[in-house]
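The block underneath contains the structure these notes are about, expressed in structure tokens.
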Amino acid sequence: MSAHGTTEEPGSGTAGTAEPSAGGTPTTRGQAPAPASLAELERQVAERRDGPAYGQDSLISCDRLVRIFTADGVEVQALQGLDLLVGKGELMALVGASGSGKSTLLNILAGLDVPTAGAASVGGYDLLAMDAKSRLRYRREVVGFIWQQTARNLLPYLTAAQNVVLPMQLSGRGGLRHKRQRTARAAELLGILGVSHCADRHPAQMSGGEQQRAAIAVALANDPDVVLADEPTGELDSATAEQVFGAFRTANEQLGTTVVVVTHDQSVADAVHRTVAIRDGRTASEVVRRTEIDEHGQESVVAREYATVDRAGRLQLPRDYTEALEIRRRVLLELQQDHITVRPDDHPAQQQD
Ligand SMILES: Nc1ncnc2c1ncn2[C@@H]1O[C@H](COP(=O)(O)OP(=O)(O)OP(=O)(O)O)[C@@H](O)[C@H]1O
């Protein structure tokens with residue numbers, strides 16, 4: 001973890017489903033649970049039906065998202081039932097091994113690709129049901145996107161200021177109808193992101209970091225709900241990467257924009273409020289960082305790692321945990337008063353049952 005007082009707590013190795021036991025007595029999975037009364041079942045069903053829908057209060061909601069690619073007759077399941085909720089105003093990172101599905105997810109959220117199955121919505125737009133017209137509006141007004149390759153983000157024959165003005169012209173939004181207003185907004189955004197000095201320069205006259213900060217201004221031009229970035233600091237040295245990440249933070253703090261960044265850069269992953277790890281096309285774990293003040297008034301960032309539990313109650317045990325305890329096919333679950341114990345199978349010889 002970073003040096004500025006950050007503490008990392010280990011991932012939780014708890015697991016999903018165990019029968020609750022009357023009176024809080026530990027119950028081992030495998031024992032028959034006492035059947036619930038009909039009235040109790042009816043109460044539970046009514047509670048679930050009347051409760052808020054999944055992701056109702058979230059800006060981004062992915063529910064059992066699936067994306068299957070077919071190339072040369074071979075199917076690749078890039079997303080395998082991914083669940084993810086992102087609240088309005090979050091600054092978060094997506095991490096994961098190469099091929100885990102991060103870019104696939106980001107392209108879907110950006111409206112550039114369509115999932116095979118599941119549900120996904122951003123800012124009230126249903127990403128599986130948009131017609132061409134609403135998809136265009138969604139991509140212009142609801143999301144901003146920043147690519148890793150600096151050259152892909154800006155038009156080379158326009159200045160930085162003209163690049164920022166362009167999306168406003170294309171969207172033709174009422175509030176920015178006048179040229180003067182658009183020019184003023186471009187100047188304001190470039191100023192907030194610390195690249196006013198590049199306003200009249202073409203991309204070729206700007207450094208990689210300046211180009212990325214101008215690209216963030218372009219992404220923010222139409223005041224989107226969310227800015228998505230795929231490895232935005234991947235081509236930059238660490239000092240420049242820090243400045244670019246600072247620009248995302250500014251957008252988040254000063255403009256209230258929700259920011260989702262795919263990154264391999266550990267310093268970026270350590271600097272956001274929440275880092276979600278994707279493994280094999282599903283969310284596997286997440287690290288949440290909170291600032292805490294101790295009894296001496298000393299501030300420190302406490303990072304806590306959680307395993308994610310999906311909508312069906314499944315979780316992935318961290319690989320290093322399962323390897324450490326030689327967990328292969330099954331575990332014993334015990335429901336305790338306030339936690340669930342996961343134990344390796346005590347009859348491993350019978351694992352081929
Ligand atoms: N258009 C496509 N056609 C076929 N397979 C694809 C396509 N796009 C992605 N995939 C496959 O889907 C899986 C997930 O790819 P994705 O690019 O989302 O991973 P990633 O986590 O972003 O990887 P990286 O960190 O290397 O960019 C990979 O196995 C990839 O080969």
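Both ligands and their constituent atoms are indexed starting at 1 by order of listing.
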Residue and atom name of the nearest protein heavy atom (relative to [atom]), distance in Å to one decimal:
atom: atom 26 (O) of ligand 1; result: Ser98 OG, 2.6 Å
atom: atom 21 (O) of ligand 1; result: Lys102 NZ, 2.8 Å
atom: atom 9 (C) of ligand 1; result: Phe69 CE1, 3.5 Å
atom: atom 27 (O) of ligand 1; result: Ser103 OG, 3.8 Å

* Would a 4.5 Å heavy-atom cut-off, applied to side chains only, mark Met92 and His273 as touching? -> no
Check: Considering all protein heavy atoms, does one lie under 4.0 Å from atom 24 (P) of ligand 1?
Finding: yes
I'd like to check atom 6 (C) of ligand 1 in this structure: does the protein have a heavy atom lying under 4.0 Å from it?
yes
Paired with Glu286, the salt bridge (Lys or Arg N to Asp or Glu O under 4.0 Å) test is passed by just one of Arg279, Arg274, Arg304, namely Arg274
Any N or O on Gly99 sitting closer than 3.5 Å to an N or O of ligand 1? yes
N/O of Gly101 under 3.5 Å from N/O of ligand 1, yes or no? yes
For residues 150-161, which side-chain N or O atoms pair as donor and acceptor with protein atoms under 3.5 Å away, sequence neighbours left out?
residue, atom, partner, partner atom, Å
Asn153, OD1, Trp147, N, 2.8
Asn153, ND2, Trp147, O, 2.9
Asn153, ND2, Gln212, OE1, 2.9
Thr159, OG1, Gln162, N, 3.1
Thr159, OG1, Gln162, OE1, 3.3
Thr159, OG1, Ala199, O, 3.4

Heavy-atom contacts with [X] under 4.0 Å: which atoms of ligand 1 show up? List them by number with element.
X: Val76; value: 11 (C), 12 (O), 29 (O)
X: Ala78; value: 12 (O), 13 (C), 14 (C)
X: Thr104; value: 14 (C), 15 (O), 16 (P), 18 (O)
X: His264; value: 25 (O)

Identify whether the distance between the nearest side-chain nitrogen and carboxylate oxygen of [X] and [Y] falls below 4.0 Å.
X: Lys102; Y: Glu231; answer: no
X: Asp270; Y: Arg289; answer: yes
X: Arg328; Y: Glu326; answer: yes

In this structure, does ligand 1 have an atom that sits under 4.0 Å from one of the heavy atoms of [X]?
X: Glu231; result: no
X: Ala97; result: yes
X: Ser100; result: yes

Which of Leu109, Val227, Leu228 passes side-chain contact (heavy atoms from CB on, under 4.5 Å) with Phe145? It is Leu228
Of Asp113, Val262, Val261, the one forming a side-chain contact (heavy atoms from CB on, under 4.5 Å) with Leu106 is Val262
So, Ser103 versus Asp230: side-chain donor-acceptor pair below 3.5 Å or not?
-> yes
For Asp237, the side-chain hydrogen bond (donor to acceptor under 3.5 Å, both in side chains) test, sequence neighbours excluded, returns Thr240
